[in-house]
Each structure stands twice: as structure tokens, then as C-alpha cells.
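Working notes, structure below.
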Amino acid sequence: MASCHFICNQNLFYPSNNTFRKSHLPYFRPHGSSSTHSKLHFKRTPVVKAANKKIEIVYDTDERINKLADEVDKEAPLSRLTLFSPCKVNVFLRITRKREDGYHDLASLFHVISLGDVIKFSLSPSNKDRLSTNVPGVPLDERNLIIKALNLYRKKTGSKSYFWIHLDKKVPTGAGLGGGSSNAATALWAANQFNGCSATEKELQEWSSEIGSDIPFFFSHGAAYCTGRGEVVEDLSPPVSLDIPMVLIKPQEACSTAEVYKRFRLDQTSKVDPLTLLEKISTNGISQDVCINDLEPPAFEVLPSLKQLKQRVITAGRGQYDAVFMSGSGSTIVGIGSPDPPQFVYDEDDYRDVFLSEANFITREPNEWYKQPASANVSCQPSEVSGTFQ
Ligand code: C5P
């Protein structure tokens, strides 16, 4: 009898040495955690019940067990958290003005996609963050946006928590995919989970613009019309089907965002109203004529081989892609409509080192972080990440 779990007056009493709790429940269950969010899947769970001094076995339901597990988990302190940190593409990107502060006003359809990094956070016993990663060349100090984000969070909230962070990098940098911006948004989300969600998502979004123009977008639900220098985010219900496959092709050479913007000239831009582009996409889907990126001309100046790559993908695709365009400030070329790159990318030595990945659009649920899709991070090449990391 001593080892039984009792249900009395709707309360479940856990014996102090509760093997059920320890072996079956995750240690913590924060919002959006990818590795620890596992509901229990017993069809009917036996529970021993004391009634009129007789012991009878009754069966409890999944629902009730999970509710109790949730209640217990809420009490448990958070010590580790693993989150997916997905990247984005800009389906179109119009630049409308150069501003006095040196930045440019833009109007762009940003969409989160299924390619992403995985970041593991655990509470540090000291008052120092420690960052490690799986690829060489990533700065691990204050220059890294993850550390910047954690410093920002502590400054804004007074939190005294520091972290050990491991960044499993899949998204190449200097790619126009917002990989670093996503890492920063993910770190702010994580720090807030460890701090009992004391800040609202809106606050995290506002604060994040202090450390990068593209970070606030990741606090949308995955699809957004962004204006200003990128930080004015209007959440959209996804204007495109999430099932559309795409291929990402990034040459080894990276494009520096600052360098691309430096070469940008307003007289080289399209004049089409970005809201018309958005409307066309919502009505008719993605096609070549709506995927306008005003940063292509300056990026092609920085990296002339990129212009050729885009052209060759269009030609070789022979209708395989609904649209081919550069994302952000480059150097990734996106082919929408097929997960496969054109054959020449495999055949020619010049493209031996390109980064290739298939992907699709994704979104997130309210109050949860992005989840890693089962099919995420499928690389089409033997070398999983052949892009450069800085
Ligand atoms: O804000 P973020 O650090 O991502 O921007 C990197 C650089 O890109 C900025 O220093 C600026 O030169 C340029 N930029 C811009 N206009 C934007 C976004 C970025 O000129 N809207």
C-alpha cells in the first residue's frame, strides 16, 4: 500500500520518492520547447484508489494525467531548454528610401522557413554566458547576436540569469536568410522562459530592434509585411501555401549586408507598389513577376557570379520553379516550386562548394516558439553545410 498513488477528493498525492513522476514526466515543460514537450500517451492509466478502506484499481484518462503533469511542471524550475531557430526568406523586398540615419526604409514580405539551427540553453552556475558551436569561425563573444540578445534581456528586465549555450548551426551566414537575427530572437525567447515569461512577446519584439533590423520579424507568427528599416512588423495570416517546396542555393561567398546597402542606388529600384505585390501574392500565389528584390543589383555588383547563378537557375529550371530570386541582401538564391536544384549545380566544378537545402514555409502557434519540422534541414549535398560561417 505504501507505494500506491492515492486519489482523494480530486487531489493526487505524490509519494516523496515518486518514481512515476521522475521516469515519465519531463523535468520542465516550457512554451515552445522542442525536446521536452512530450505528452503522455497511455490509453488508460491504472491508478490505485482508496475507497472505504478497500483498495480498488481504477483507470484514469490521458487527459487527466496530462493535466496533473502540467500542474506539477509549472512548479518545476527551468534549467534546460532546446529551441529551434529557423531562418527566413524575403519573397519580395522593395527599398523605398534612404534615411537620414544611414538606414534604408524597406517594404518586404518576410516568411519563416523550415531550415534552421538548434540552440541549447542551460542555466550557468556563474555570472557569465558561455557559447559553443559546431562550426568554426562563428564569434563566440559579445559580437555574437545570441550574447547581445542575452545582455539586452538582462538590461531590460534586471534578470541575473546567465547561460551555457550550444548553437548547432545549419543556416549559413552572410546568406540573406536572417540566421543570426533568428538566433537572437530565439535567445530572447529562451531568456524570457527562464525568467517566468515576465516580458510580453511585444516587449521582446520592441527591444530586439535595438540589436538588429531583422530580429523583430521573428516575433511575428512566421509571415509578416515588414516596413521601416525592417522592424515595423505587421503579422499576416500566411499569404502562401505552407506546402510549397523550395530550394536554397548559396555560393560559398557571403554578402555583407552593410556592403550591399552601401552600393544600393535608388534609381535602380523597381517602382511597383509593395502592397500591390502583397495583394497579388495573396490572390494568385508566388510567380516570377512579384518576387522583386531591390537589393539584387547592388548584391550582383558585390558578387558578380551571383547574377549568373540566378540566371542559370531560371534557364536550367525550364519552368521547374514558379520563381527564382535572391533573399535579403544575398547571397542565397531561392527557387520556389521544387525542392531540387538544377542538375548543373551537381555537375560543374564551380558549384562544388555551394550550400544546398530544400525547405518550405512554416509558422508558429501563439505563445509557442517555432517547432523543428520532422523533415527540416535536409541537405541535398554530401557536405551538410558548405557555406561560410563568420
Ligand atoms: O540592422 P542590421 O545590423 O541588420 O543592419 C546591418 C547594416 O545593413 C546596417 O548597418 C546598415 O548599413 C544596413 N541596413 C540598411 N537599412 C536597413 C537594414 C540594414 O541600410 N533597413
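Every number for a ligand or one of its atoms is a count from 1 in the order of the listing.
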Between N293 and F92, does a side-chain contact (heavy atoms from CB on, under 4.5 Å) hold up when you go through it step by step?
CA-CA 5 Å; N293 183 344; F92 65 79; over 6 Å; no

For K169 and D117: C-alpha separation, side-chain torsions, deciding distance, then whether salt bridge (Lys or Arg N to Asp or Glu O under 4.0 Å) applies.
CA-CA 5 Å; K169 201 111 190 76; D117 305 330; 2.5 Å; yes

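Ring geometry, F110 versus F217: the interplanar angle falls from 30° to 60°, so the pair is classed tilted. The aromatic rings of H111 and F361 sit tilted relative to each other, their planes meeting at an angle between 30° and 60°. The aromatic rings of F163 and F121 sit perpendicular, their planes meeting at an angle over 60°, well past the 30° parallel limit.
Look at L106 and you'll find a heavy atom under 4.0 Å from some atom of ligand 1. Heavy-atom distances between G102 and ligand 1 reach below 4.0 Å in at least one pair.
Heavy atoms of Y103 found under 4.0 angstrom from ligand 1 belong to the backbone as well as the side chain.
The ligand atoms of ligand 1 that sit less than 4.0 angstrom from a heavy atom of T257 are 8 (O). Those atoms of ligand 1 with a heavy atom of R229 less than 4.0 angstrom away are 17 (C), 18 (C), 21 (N).
Here W189 and Y153 keep their ring centres 6.0 angstrom or further from each other.
For atom 16 (N) of ligand 1, the closest non-hydrogen atom on the protein side is H104 N, 2.9 Å. Summary of contacts: the protein heavy atom closest to atom 3 (O) of ligand 1 is G212 CA, 4.4 Å. Shortest contact from atom 1 (O) of ligand 1 to any protein heavy atom: S213 OG, 2.6 Å. When only non-hydrogen protein atoms are considered, atom 19 (C) of ligand 1 lies nearest to Y261 CE1, 3.5 Å.
Remark: the backbone N or O of P245 is not paired with any side-chain donor or acceptor of E358 at under 3.5 angstrom.
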